[in-house]
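In what follows, chains carry the letters A, B, and so on, assigned in the order in which the sequence lines appear, proteins first and then strands, with residues in each chain numbered from 1.
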Amino acid sequence: MKGGLLLAAVLAATVALVLGCSTPEEGEIEIIFAAGNDPSGATDSLVVEYNASHPGVIVKFQPMPANTDTQHDNYVTILSARGTAIDLYSLDVIWTAEFAKAGWIAPLPDGLIDPGDFLEGPLASLTYEGVLYGVPWFTDAGVMYYRKDLLEEAGVPVPETWDEFRRACRQVALPRGMDGFVWQGARYEGLICDYLEFLWGLGGSIELDRIRTDPAAVESDIAAAIELALSFFDDGLSPESVLTYKEEDSRRLFTEGQALFHRNWPYAWSMAEGEESKVKGLVGIAPLMHADGEKSYSTIGGWNVAVSSYTEHPEEALEFLAFITSERALKLRAIEGGYLPTRNATYEDPDVLAANPHFGSFFEVFRNTRNRPSSPHYPRVSDTIQEHVHAALARETAPGDAAAAIVSELAEIADL
Amino acid sequence: MIRRHETRLALWLLTPALAFVIVLGAFPVCSQFVLSLTDLNLKFPAEQGFVGLSNFARLLGDDAFWRDLGQTFTFTVVSVSLELLLGLAIALILNNVIRGRTAMNSSILMPWVLPTVVAATMWSLLLNDRIGLVNSVLGRIGLTDAPIVWLGPRLAMTSVILADVWKTTPFVAIILLAGLKSIPRQYYEAAEIDGAGRWATFRAITLPLLKPFIAVAVLFRAMDAFRIFDLIWVLTGGASRTETLSIYIYRVLFRYSDLGYGSAMTVALFAIIFLMSLGLIRFMRLSSEPR
């Protein structure tokens, strides 16, 4: 009898000990924040700071795999099982509609942020059917890099329209045996970004709603943008190998000094200015080109933060969301990690500009950004455009046929 | 009495294997078939239901499916044929090597041992039009004046097949080498005494006796090639008419979370590979029966 009691006491003590190790202290709330890894350590130090000033709450930063698709699939697996393991998710701008429609992320309560403080494009990426689902965290947008030195030497101004661009390539790049224009044309998500910039710059648009109301107009927009991209090959501005290039392939050519113009994301700036670059100090940044009488647009990339619908601590999660997207947090991440902030004011902060002098030029570009089509079935939308645009650029199909196929398939997806 | 006892024992001994086959083989195939009769989508589970055979009807009218089936077929036939010819040649050479045999055997196996994703990444660097070794060598020896876009629209399928041949020929070679070793030396001695030439010996002795091994190699390779995913995924992502059925299925199942339609496609792929294998086995059996 005595022995039994003792055994029970030991067991109880062991259980308490084991449990005590794996859960926070009595009454403490644990919040898990999942996002892509931040090698600069800025996010980690923000989390430490937050925990120190918030007794009773422990936030843990859970770094996710770098590959975007892997992150997506991980999240889908957790959320489709209504998992509570993660309270806050960092989401790619193209995932909002899918996660919102599935009911995985919670609408943002009014008053948590002042929408006027944020860049318009990233904010729009978080809106699904008129409801805001999170807060923009850091952003990305396509920019045109060019060889400042070569344009100046030839006395050619930085082009704004595609016609001027073509002339600049003919005059400066082709006589030198350089490539005029390198970009991302492999069949993957990056092709969509580059292609939509062509399409928007011609005054076109490809929203799913517009496909419902005016399919013929969308079809001709799509075909026109394909023709524009084909002309880069026909005129010898872009090598055929662009059709196999992702970001790093085109970036390599540019920083090796083999191309005059280069469309890429802001990250390529630090590579162009890096020690191994052959074009260090010779590079300029410009908005993308557009047709005469139209406007330049850049495709938005970047990441937002949203609260899981299945979190057990929505209030604490929202409080941390406000902190991690606060001016202070964005500033620290901009200075230490080079992450492009989503708040307008951060671009005017002298400390941020001192650490990243090029942010000023990027801000110009970021004023005219647009989102890829929003759809809960975005992966299908993306694959459809990728497949047919790539086939047309590879001359496997005619531009008109590709455009017709895209419109009919997107119409089908829009009705799902 | 003893016989019955033995039968029962045999059944007992077979049970674990049978259980494995059912759990790992029959069950997934059946559940896949059940799934293929629904429109289950992991993202939007509220909208799911039983839809009968409509996924298969959709499959029949899906141009992408038929296009990818054709491309998969081309890839399989061309790459397996090349692998068989090259593998046979390598096996014949290795069989006659006397010195340094171990070193030869292990070096020839290298490509097969490499994980496919590693090999594919290596090939994508080798075939890169600007920084790749292949173009650099071709340019230096003066064979080409402009870089060849190996993974571009015109050559993508050729490059993918070459990479696959490089990767899996060793497998065929090793199986055929084992076959060659199993042919008794006396046959060759007898042929030599009869004054048969090399070609006659090869046709009358080597090839017929090697047939079961060729059958195994072709069967395994064809089944594998028909499901090819990783190599092409890394090299082209399925662009430029290199998309295979497995890549299409991956898109539907994992990118779109469309379990119903994706399962219908896997059932179709399973049926095609099953029938293809049955056909190959029959063909090999018929052609190797003594006449």
Side-chain angles (χ1 to χ4, degrees), chain A residues 69-70 72-73 75-77 79-82 95 97-99 101-104 179 182 185-191 233 239-246 248-250 252-253 256 258-259 376-384 386-397 405 409 413 416, chain B residues 39-48 58 61-64 67-68 71 117 123-125 127-132 135 145-157 159-160 232-243 247-248 250-259 261-262:
Chain A
D69 287 330
T70 316
H72 175 263
D73 297 348
Y75 290 170
V76 169
T77 310
L79 286 166
S80 53
R82 300 170 171 262
W95 298 344
E98 176 187 352
F99 282 53
K101 166 108 193 277
W104 293 338
D179 288 319
V182 289
R187 194 181 106 176
Y188 80 121
E189 188 62 34
L191 171 62
F233 299 110
E240 187 200 7
S241 49
V242 160
L243 294 177
T244 65
Y245 284 176
K246 298 187 180 181
E248 275 298 88
D249 303 298
S250 60
R252 214 182 284 123
L253 276 188
E256 283 289 309
Q258 294 179 25
H377 303 279
Y378 183 75
R380 287 193 63 181
V381 171
S382 169
D383 279 6
T384 300
Q386 281 176 39
E387 191 175 322
H388 294 294
V389 169
H390 193 276
L393 296 184
R395 296 173 212 276
E396 289 158 19
T397 49
E409 282 174 37
I413 296 168
L416 282 179
Chain B
D39 63 353
L40 181 61
N41 187 314
L42 275 187
K43 275 177 215 164
F44 314 112
E47 299 162 14
Q48 71 194 48
R58 183 176 154 198
D62 185 347
D63 295 340
R67 178 199 65 201
D68 289 357
Q71 285 162 187
V117 174
W123 274 104
S124 82
L125 286 174
L127 294 175
N128 184 295
D129 65 307
R130 300 296 173 99
I131 58 161
N135 275 347
D145 8 304
I148 297 174
V149 188
W150 291 102
L151 298 171
R154 263 164 296 156
L155 290 171
M157 186 55 112
S159 303
V160 162
I232 297 181
W233 184 250
V234 174
L235 283 178
T236 67
S240 305
R241 298 200 172 112
T242 57
E243 184 169 280
I247 292 180
Y248 190 27
Y250 166 81
R251 279 165 50 197
V252 172
L253 273 180
F254 293 94
R255 278 176 61 75
Y256 315 159
S257 309
D258 191 344
L259 240 58
Y261 190 48

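- Contact annotation for A:Tyr245: only side-chain heavy atoms (C-beta onward) come within less than 4.5 Å of a heavy atom of chain B.
- Here A:Ser241 is the residue among A:Ala391, A:Ser241, A:Ser80, A:Ala81 with the most heavy-atom pairs under 4.5 Å with chain B.
- Heavy-atom pairs under 4.5 Å with chain A peak, among B:Ser257, B:Ala239, B:Ser124, at B:Ala239.
- The distance between the ring centers of A:Tyr75 and A:Trp104 does not fall below 6.0 angstrom.
- Residue A:Arg252 touches chain B through its side chain alone, counting heavy-atom pairs closer than 4.5 Å.
- For A:Glu256, the salt bridge (charged side-chain N to carboxylate O under 4.0 Å, His left out) partners are A:Lys278, not counting sequence neighbours.
- Every residue meeting the salt bridge (charged side-chain N to carboxylate O under 4.0 Å, His left out) condition with B:Asp258, not counting sequence neighbours, appears here in chain and number order: B:Arg58.
- Between A:Glu409 and A:Arg380 there is no salt bridge, since no side-chain nitrogen of the basic residue lies less than 4.0 Å from a carboxylate oxygen of the acidic one.
- For B:Ile131, the part lying under 4.5 angstrom from a heavy atom of chain A is the side chain only.
- Heavy atoms of A:Leu79 lying under 4.5 Å from chain B are absent altogether.
- Ring pair B:Tyr250/B:Trp233 is perpendicular by interplanar angle, where above 60° counts as perpendicular and below 30° as parallel.
- Among the candidates B:Ala156, B:Gly237, B:Gly152, B:Gly238, the residue making the largest number of heavy-atom pairs closer than 4.5 Å to chain A is B:Gly238.
- Interface remark: of the candidates A:Asp383, A:Thr244, A:Asp73, A:Leu243, A:Asp383 forms the most heavy-atom pairs closer than 4.5 Å to chain B.
- Residue B:Phe254 places its CZ atom among 12 or fewer non-hydrogen atoms of other residues, nucleotides or ligands, all under 6.0 Å distant.
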